[in-house]
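Read through the structure below, which is laid out as structure tokens, and then see the notes.
As a basis for the values below, the full set of heavy atoms in this structure was taken, side chains included, without hydrogen atoms, waters or symmetry mates. Predicted model only: the values in this text are computed from it and were never measured.
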Amino acid sequence: MAATHAGPRPAGSPGRFLPAALVLLLTLCLDPAAALAPELAEVEPAPRLSVTFNPKSRRLTWDCRENATDARCFMLHKEKGPIEIKPWGKACACTFNYAPLHGGVTFEVHATVRGRPVREELLYPNPGHEGTAARNFSCFIYDAGSLNCTWARGPAAPGDVQYFLFIENTKTQTEQECPLYSPDSGTHTGCHLRDLSALGFRNYFLLNGTSLAAPIQYFDSIWTAKEIERLSPPDNVTVYCNTSHCRIRWRPPQTWIPLTYKDFTYQLDIQRRHAGLGSGTPPVQVAGEAENEYCFPSPEPRARQAVRVRVADVRGGPWSAWSRPAAFGSDTRAGPALRLYVPVVLGTLVCALVLGFLFRRFVGLRALCPRVPQVKDKVSSVDGVAHQVPWEDFAPGIRKGELEDVLTVEEVS
Ligand SMILES: *[C@@H]1O[C@H](CO)[C@@H](O)[C@H](O)[C@H]1NC(C)=O
Ligand SMILES: *[C@@H]1O[C@H](CO)[C@@H](O)[C@H](O)[C@H]1NC(C)=O
Ligand SMILES: *[C@@H]1O[C@H](CO)[C@@H](O)[C@H](O)[C@H]1NC(C)=O
Ligand SMILES: *[C@@H]1O[C@H](CO)[C@@H](O)[C@H](O)[C@H]1NC(C)=O
Ligand SMILES: *[C@@H]1O[C@H](CO)[C@@H](O)[C@H](O)[C@H]1NC(C)=O
Ligand SMILES: *[C@@H]1O[C@H](CO)[C@@H](O)[C@H](O)[C@H]1NC(C)=O
């Protein structure tokens, strides 16, 4: 609209002036009141507010000499819709809150100047060619105190494009440039920030660029630290067992934004060692407590198992990585196996021996007729019985095995 407000009209040529005077005379005769307004417009040019916008201070300012009153400012944002701000007192300026501007915005000032309503518009585009801005920009806080950001070159960006990242704390309005780009040489496509002391709860991220070949569009975004913090896995997962129960304990993850135990929810994945983590029983969901623990019945002897824990924000959000697994129980696989297999194997052996003996005896009887060793056969049948003795003897052996199991479990606990 600013463009349509012409300055003082250039003096008309006499040839153009005459018909105008005629028209004026005519209208004066017909309706004197109607002629007054055009006459005033000729004398006083339509007021111009000369609106400007400073993206650094996010201030929309206009010419104070026009004594505009009842001013109202608007930001016409494609995603956020119109945002209205009123100036402070008699200031000829409005300060907008932080908003992403890379999509291009239109500002409007509505005011009253010398009794007339005035509306002035200012286009604030993202200068540069479409597709030159960095793409896929994302940032995350990790390990409770580091920030990584990544982005990709714009598809239409020239070969010599270089991108720069600026992060501004919206509360303190302090801006810092990324101290360490990756890669160090060549086009920057990432940023690593180890000192987050200047970071605020809400932050304005501006990713602009330069090139000798073409102007580069910028990309900007506002993220809260909470939105971008990735939770680390829970700390110090430990398992304590007595003869009947096991208790798993863990500590909440360290976070950069202050959180309480109520902000967390956990998942516990308890699996038999040989089944492989994540393959069997579904994870157990546990709400965060001041002292995180999960107690469950697990009578001895217990098989070797491992537990791992992960955490998420209770209000939703992605799960952290799994913690390192903590093992408990003992490798009792051989225990039940021995108990089951040894008698079977022994029984089979004894049966085989008895059968073998009988076979030899009958074959021997038929083939070799009466032989003295027949008496010895009885001895060997006694031998067979003797063979059975270890089998029965094995029962205490099993008890011994059980005892060993108990011992190993005690060792673990
Ligand atoms: C604005 O107000 C001041 C003081 O009230 C006055 O001197 C000045 O002429 C006014 N300007 C216009 C354009 O009316
Ligand atoms: C950005 O991410 C989208 C999907 O996440 C992917 O398809 C696209 O190739 C990425 N663009 C660049 C320039 O890496
Ligand atoms: C963060 O960036 C640094 C530097 O590029 C890199 O060494 C580190 O592995 C990144 N960390 C994560 C969690 O991606
Ligand atoms: C990028 O943004 C920073 C911070 O606002 C500014 O100082 C710098 O001049 C900008 N660079 C370009 C090329 O626009
Ligand atoms: C884990 O537990 C050990 C022993 O109690 C302790 O020394 C250590 O500080 C703990 N680590 C964390 C991160 O809590
Ligand atoms: C084992 O611990 C559980 C849970 O703390 C407890 O209820 C149980 O009495 C304990 N059993 C023995 C034998 O100490």
Decide yes or no on side-chain hydrogen bond (donor to acceptor under 3.5 Å, both in side chains) for Asp220 and Tyr204, but give the supporting numbers first. CA-CA 7 Å; Asp220 58 353; Tyr204 176 69; 2.6 Å; yes
Take Phe137 and Trp223 through the ring-ring contact (aromatic ring centres under 6.0 Å, His included) test and state the conclusion after the steps. CA-CA 12 Å; Phe137 179 50; Trp223 287 315; 5.3 Å; yes
Working for disulfide bond (SG atoms under 2.5 Å apart), residues Cys246 and Cys295: CA-CA 6 Å; Cys246 282; Cys295 198; over 6 Å; no
Trace of the disulfide bond (SG atoms under 2.5 Å apart) decision for Cys64 with Cys92: CA-CA 6 Å; Cys64 271; Cys92 316; 1.7 Å; yes
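In this structure the side chain of Asn97 never reaches within 4.5 angstrom of the side chain of Ile83, judged on heavy atoms. In this structure the side chain of Tyr218 reaches within 4.5 angstrom of the side chain of Pro127, judged on heavy atoms. Taking the side chain as every heavy atom from C-beta outward, Val118 and Trp62 never approach each other to under 4.5 Å. Side-chain atoms of Pro100 and Ile222, non-hydrogen and from C-beta on, do get closer than 4.5 Å to each other. Contact of the Asp263 side chain with the Arg315 side chain is registered, since non-hydrogen atoms from C-beta on lie closer than 4.5 Å.
Contact check on Arg114 versus Glu66 returns a salt bridge, with a Lys/Arg side-chain nitrogen under 4.0 Å from an Asp/Glu carboxylate oxygen.
Below 30°, between 30° and 60°, or above 60°: for Tyr142 and Phe140 the angle between ring planes is between 30° and 60°, a tilted geometry. Under the 30°/60° scheme for interplanar angles, the aromatic rings of Tyr181 and Trp151 are found to stand perpendicular. Aromatic ring orientation, Phe53 versus Phe96: perpendicular (interplanar angle above 60°, classes split at 30° and 60°).
Other residues, nucleotides and ligands contribute only 12 or fewer heavy atoms inside 6.0 Å of the CD atom of Glu79.
Here the two rings, on Tyr163 and His188, have centers that are 6.0 Å apart or farther.
With hydrogens and angles disregarded, no donor-acceptor distance shorter than 3.5 Å links the side chain of Arg247 to the backbone of Thr238. Remark: side-chain polar atoms of Glu229 are paired, donor with acceptor, to backbone N or O of Trp256 under 3.5 angstrom.
Between the CD atom of Gln267 and the OG atom of Ser323 there is a distance of 12.0 Å, given to the nearest 0.5 Å.
Partners of Ser298 under the side chain to side chain donor-acceptor pair (under 3.5 Å) rule, at least two apart in sequence or in another chain, are Arg302.
Under the 3.5 Å distance criterion, with hydrogens and angles disregarded, no donor-acceptor pair is assigned to the side chains of Ser146 and Asp143.
Taking the ring centre of Phe219 as origin, the terminal cationic atom of Arg135 falls outside the region bounded by 6.0 Å and 45° from the ring axis.
Applying the side-chain contact (heavy atoms from CB on, under 4.5 Å) test between Leu122 and each of Leu49, Leu60, Val105, Thr106 identifies Leu60 as the sole match.
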